[in-house]
Number of protein chains: 2
Amino acid sequence: MNESTFKRTQEIIMYIADYYEQLEKRQVYPNVEPGYLRPLIPDSAPQEPESFEDVFKDVERIIMPGVTHWQSPYFFAYFPTASSFPALLADILCGGIGCIGFSWAASPACTELETVMMDWLGKMINLPEAFLAGKNGEGGGVIQGSASEATLVSLLAARTKTIRRVRSENPELTEADIMNRLMAYASDQAHSSVERAGLIGGVKIKNIPSDDKFAVCGSALEKVLQEDRAAGLIPFFFCATLGTTPCCSFDNLLELGPICNKENIWMHIDAAYAGSAFVCPEFRHLLNGVEFADSFNFNPHKWLLVNFDCSAMWVKKRSDLTNAFKLDPLYLQHCHQDSGLVTDYRHWQIPLGRRFRSLKMWFVFRMYGVKGLQEYIRKHVKLSHEFEKLVLQDKRFEICAEVILGLVCFRLKGSNELNEALLKSINDAKKIHLVPCHLREKFVLRFAICSRTVDSDHIHVAWKHISTLATELLKAQQQQQ
Amino acid sequence: MNESTFKRTQEIIMYIADYYEQLEKRQVYPNVEPGYLRPLIPDSAPQEPESFEDVFKDVERIIMPGVTHWQSPYFFAYFPTASSFPALLADILCGGIGCIGFSWAASPACTELETVMMDWLGKMINLPEAFLAGKNGEGGGVIQGSASEATLVSLLAARTKTIRRVRSENPELTEADIMNRLMAYASDQAHSSVERAGLIGGVKIKNIPSDDKFAVCGSALEKVLQEDRAAGLIPFFFCATLGTTPCCSFDNLLELGPICNKENIWMHIDAAYAGSAFVCPEFRHLLNGVEFADSFNFNPHKWLLVNFDCSAMWVKKRSDLTNAFKLDPLYLQHCHQDSGLVTDYRHWQIPLGRRFRSLKMWFVFRMYGVKGLQEYIRKHVKLSHEFEKLVLQDKRFEICAEVILGLVCFRLKGSNELNEALLKSINDAKKIHLVPCHLREKFVLRFAICSRTVDSDHIHVAWKHISTLATELLKAQQQQQ
C-alpha cells in the first residue's frame, strides 16, 4: 500500500463519518424510479484505469440518490440491520487478511475464534451447556450468512436424520417413499424463509394456526400431528419462532418442545430478530424451553451491533450437520481433520467459502462489553414503549399486538383501505419509512426501532408526523363523503 | 464518529498496509495445533467495555499466529482468493452504508448497480446477449455468495422447471414420482459442491467419466443418458465445469451443449476459477459453447481482484429462478414490484439478506480498467508456465495435466507414497503451502498461482525449495533401501 492508497482509505473513512453525522438530514427513502441508475453510468467497464477521485465522486452523485438509508434514525421499516464502528474496524481487518476458512487448516484462527465467540455469545444469552462446543462438547455454534440458511441447514439435517432412522426401522421403504411422507411445520406467522426451506429441501411444509396472541401453542401442533400421523405422514421438523416478523410474537416453547422431543421431531428455533434481547436477564425468560430444541438461531447482524452478515446458529449435536453434508475430496482434506479436535465449518453450511466473520463478534463484544450491549437493547425497547404510549394516547389508533421488544404494530381504527392509505401517505412523504403486515384479516403498520442513533426525539417527530398525516387523511375522507 | 474512532480506523489501515509489506517474511502456514486459541482468551465476554488498544494488540498476539496467509506470495494452495485495495475501499463503504438489498425498494441503488455491474462483467467476457439484463432482457446476472450457491440455485430452478413440464405432459404423475426419477449429471472431476447440491435438492446425481484430458465429451454424456432414459429416469440437469479444481480441465461445451438443449436438460456452467481468464481475448475460446447454457457462474472473488464474497451468476431466463423461489409476504412487498422494471434479488438466491457487494465490482473494474485486469490474469498465467518449465527441466518430475491457466499439476515420477512424502515435507517446512489432488489413480501436487503480489522470484524460490526437498527425500529413500 503506497501513500496514495492510504489517503484514499482516509477519504472513505471521513466520508462515512460525515455520512453518519449528517444522516438524519438525508431523506430516508429515495426519490428515484426503477431504472434510474443505468443512464447515469457508461454501458461497459472502462478499458483504462480511472482515478480513485473519479470513482469516489460518483458515490454521492450516482449511488446516494438511490440508497434507502437503513441507518437513518427515521428508518422504522423491516427490522434493524446492525452497524457499529467496532464491527466496521474488524471487517476491514477481515478484508485485509483475506483468508477463506472452510476447514481448520485453511486458517486455524478463523475457525477457532468462531467456535470460541459462539461459546461467548451462547453464554451471554445463557444457552444450555449442550449447545456449547466447550472443550469436549458434542454441540457448538457456527456463523451462517442468514437466518434463512440456518433454517435450511437444520431442515436438511433433520431430513437426513429422519430418513436414516425410518429406513433402519423399515428397511423395505425407499428414500423416495420416505421423502414423500415427510412433513415439516411452522407457525402461520413464521417467516417466508421457512416455507422456502421446505421448497428447497423438497419436503411438504404445513402452517400451524397461531392463537390470539399470534403464538403457536402445544395443542395446535398436537392436533395437526395427530391428523398427519393418521394420514400416514412422517412429521420430522418443527420451526418455532421467537419474535415473528409481522408482530414479534413468541411461540410457546415450553409446550411445543416436549411434544417435539416425544414425537422424534427436530425442533429448530428461529429467533432472528428477538434473539439479541436475550443478553438482558429481564428478557431471557422468552427463551425458556430452548433446552428442548435441536438447533437455535438468531442474527447478531440484526440487533446486536455486528454488521451483516453474522447469523449465529447452534446445534446440540454437530454430527447431525456433518452427517447431512460431509463430502471429502482430497484437495480439501488435511492431516488434523479426523482428530476429533478440529472443526471443519464447510460441513456446517451451504457454501464452501467463508470470511473471517468472528473478528466482528470479537471486536463488538469486547469494545461494547456485555453491559454496553444490554444498554443498547434496553434503549430500543424503551423507545418502542414510548411510541406505544403515544399511539395509545390517540383514540383514533389501536395497538394490534403486545409490544414486547422493539416493534410496535398499530393502525387507525377503521378499514384496511384507510390504513393502506395512511401507509401510502407516510411512505410517499419519505420523512420516515415503515412497512406493513397482515395480522389475520387486518392491514397493520409496523413501527420497528432500528437505527443505532435513534432517540426519543426521533420517535416524537415520527409520531407527530404520522398523526398529522392521519388527520389530513381523515379530513380528506370526510370531505369526500 | 468521533476523533478517537477515526484514529482507530487509521491504525487498522496502517496495520494492514504493514501486513502486506511484510507478508513474505511471515511463515505462510501457521505452527499452531488444534485448540491453540481457546486458552489464550477468556472463557466469556467481558462485562465492561475494553479499549480498542487492548483488543487491537491481541490481533498480533492471538490471531496472526493461527492465520494461514492466503495473500502471501508463497501461498500456492487451493485456488486464489482475491484481495485488492479498490475492493477493500468499496467494502468499507458498503459496511458504512449498511443497507440490506433484498428487494428493489430496500435500496434501489444496491439492486440497480448490481444489475449493471453484472452486465459490465458479462460484456467483459463477451457473454452472449441473452445472459445480459440490458433494458428489456429476459436474462441477467446476480451476485451469489459462492459457486456452491450458484450451482444449487440453478439445480433447484431446473428441478422446478422440469417437474412442471413433466407434470403438464403427464398429469397422472405426482411430484414425488417425478422427483424420484430426476437425474442430474456432472464430470467425475467436478467440484464436491455439485454432488452436495444434488444432496440438498434431494435428487440423484451421477458422475460422467472424463476423458484422458480430464474433460467430459459429448459421447460420454450421451452414453449415460441413453442408459438412464432406458431405465425410466428423467435427466434434467448437467453441470459442466470449465477449469476443474483438481487440474483445471475444461469440459467440451460445444459437444455437450447441443445434447443438453435437444434433451431438455438444463446446462449450468461452473467456471468458478477459470472464468476470470475470459476477460482476455486469448482465453475466451475456452468459453465457446456458453451460448447453449441456461446458467453460467464464475467467481470474481477468486481471480478478478474483487474480495470475497462475489460469485457472478447469469441466467438466460430470470423467470426460471423466480418461478422456483418466489414467495411474497406483505412485509416484503413494495409498489414497484410488479412493474416488470424492477429486480427483487431475494427471488434469485438462498438467503434473504444481501450486502451492497456490487460496489466492490464497480471500484475494481474502474480503478483497474479492463486492461489492468487482463494484465493481472496474464501475469499469473505466465508465472504458471514459468513453473511448468522448471518442472519439465527436471527429469525426476512429470507434469500431470496440460497447463492452461494458473495451475500446474506435477509429481515425482514414482509411487504415490513418494509424492505423499514429498508433499508432507513441503508442508511441514511451511516455507510454501500446497494442496494435493488425485488424477485417476495418481496422487498429484497442485501448484496454483495465487497471490496478487507473487512474481517470478517467488516461483524460483518455491521451485528450488521443492527440488531440494525432493533431493533429500530421494536420498533418504535410497539409504533406506
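The chains referred to below are lettered A, B, ... by the order of the sequence lines, with proteins before strands, and numbering in each begins at 1.
Between chain A and the residues B/E50, B/R366, B/E112, the largest count of heavy-atom pairs under 4.5 Å involves B/R366. Considering only heavy-atom pairs separated by less than 4.5 Å from chain B, the leading option among A/D177, A/V203, A/D58 is A/D58. Residue with the most contacts toward chain B among A/L89, A/I100, A/N180: A/I100 (heavy-atom pairs, distance under 4.5 Å). When each of B/M124, B/Q144, B/Q349 is scored by its heavy-atom pairs under 4.5 Å with chain A, the top score falls to B/Q349. Considering only heavy-atom pairs separated by less than 4.5 Å from chain B, the leading option among A/L40, A/T81, A/I92 is A/I92. Between chain B and the residues A/P65, A/G98, A/P108, A/S148, the largest count of heavy-atom pairs under 4.5 Å involves A/P108. Comparing B/F56, B/F308, B/F365 by how many heavy-atom pairs each has under 4.5 Å with chain A, the most go to B/F308. Residue with the most contacts toward chain B among A/G145, A/G353, A/A105: A/A105 (heavy-atom pairs, distance under 4.5 Å). For the set B/V116, B/I12, B/V55, the entry with the most heavy-atom pairs within less than 4.5 Å of chain A is B/V55. Heavy-atom pairs under 4.5 Å with chain A were tallied for B/L93, B/L359, B/T115, B/N307; the largest tally goes to B/L93. Of the residues considered (A/Y36, A/Y19, A/Y368, A/F52), A/Y36 shows the highest number of contacts with chain B, using heavy-atom pairs under 4.5 Å.
For chain B, the nearby parts of A/I200 are the backbone and the side chain; heavy atoms of each come within less than 4.5 Å. The parts of A/P46 that come within reach of chain B are both its backbone and its side chain, each placing non-hydrogen atoms under 4.5 angstrom from that chain. With a 4.5 angstrom heavy-atom cutoff, A/S44 touches chain B via backbone and side-chain atoms both. Using a 4.5 Å cut-off between heavy atoms, A/M367 contacts chain B through both its backbone and its side chain. Heavy-atom distances place no part of A/N427 under 4.5 Å from chain B, backbone and side chain included. Contacts of A/L121 with chain B are absent, with no heavy-atom separation under 4.5 Å from either backbone or side chain. Looking at B/V59, the atoms closer than 4.5 Å to chain A (heavy atoms on both sides) sit in the backbone and in the side chain alike. If you measure heavy-atom distances from A/A147 to chain B, you find no contacts under 4.5 Å at all. Heavy-atom distances place the side chain of A/E149, and not its backbone, under 4.5 Å from chain B. Heavy-atom distances place both the backbone and the side chain of A/S107 under 4.5 Å from chain B. Using a 4.5 Å cut-off between heavy atoms, A/D18 makes no contact with chain B at all. Using a 4.5 Å cut-off between heavy atoms, A/I97 touches chain B through backbone and side chain atoms alike. Using a 4.5 Å cut-off between heavy atoms, A/R159 touches chain B through its side chain atoms alone. Heavy atoms closer than 4.5 Å to chain B are found in both the backbone and the side chain of A/M14. Contact annotation for B/L373: neither backbone nor side-chain heavy atoms come within less than 4.5 Å of a heavy atom of chain A. Within the 4.5 angstrom heavy-atom criterion, only side-chain atoms of B/S146, from C-beta onward, approach chain A. For chain A, the nearby parts of B/D43 are the backbone and the side chain; heavy atoms of each come within less than 4.5 Å.
The 12-atom threshold is not exceeded at CD of A/E175, counting heavy atoms of other residues, nucleotides or ligands nearer than 6.0 Å.
Going from atom CZ of B/R354 over to atom CZ of B/F102 covers 11.0 Å, rounded to the nearest 0.5 Å. Distance check, rounded to the nearest 0.5 Å: NZ of A/K371 to CD of B/Q47 gives 6.5 Å. Between atom CG of residue A/L88 and atom SG of residue B/C94 there is a gap of 9.5 Å, rounded to the nearest 0.5 Å.
Salt bridge status for B/D91 with B/R355: present, with a side-chain N to carboxylate O gap under 4.0 Å.
Of all heavy-atom pairs spanning A/R196 and B/I350, the tightest one is NH1-O, 2.9 Å.
B/W120 places a side-chain heavy atom less than 4.5 Å from the side chain of A/P42.
Counting only distance, with no hydrogens or angles, the side chain of B/R8 and the backbone of A/F85 share no donor-acceptor pair below 3.5 Å.
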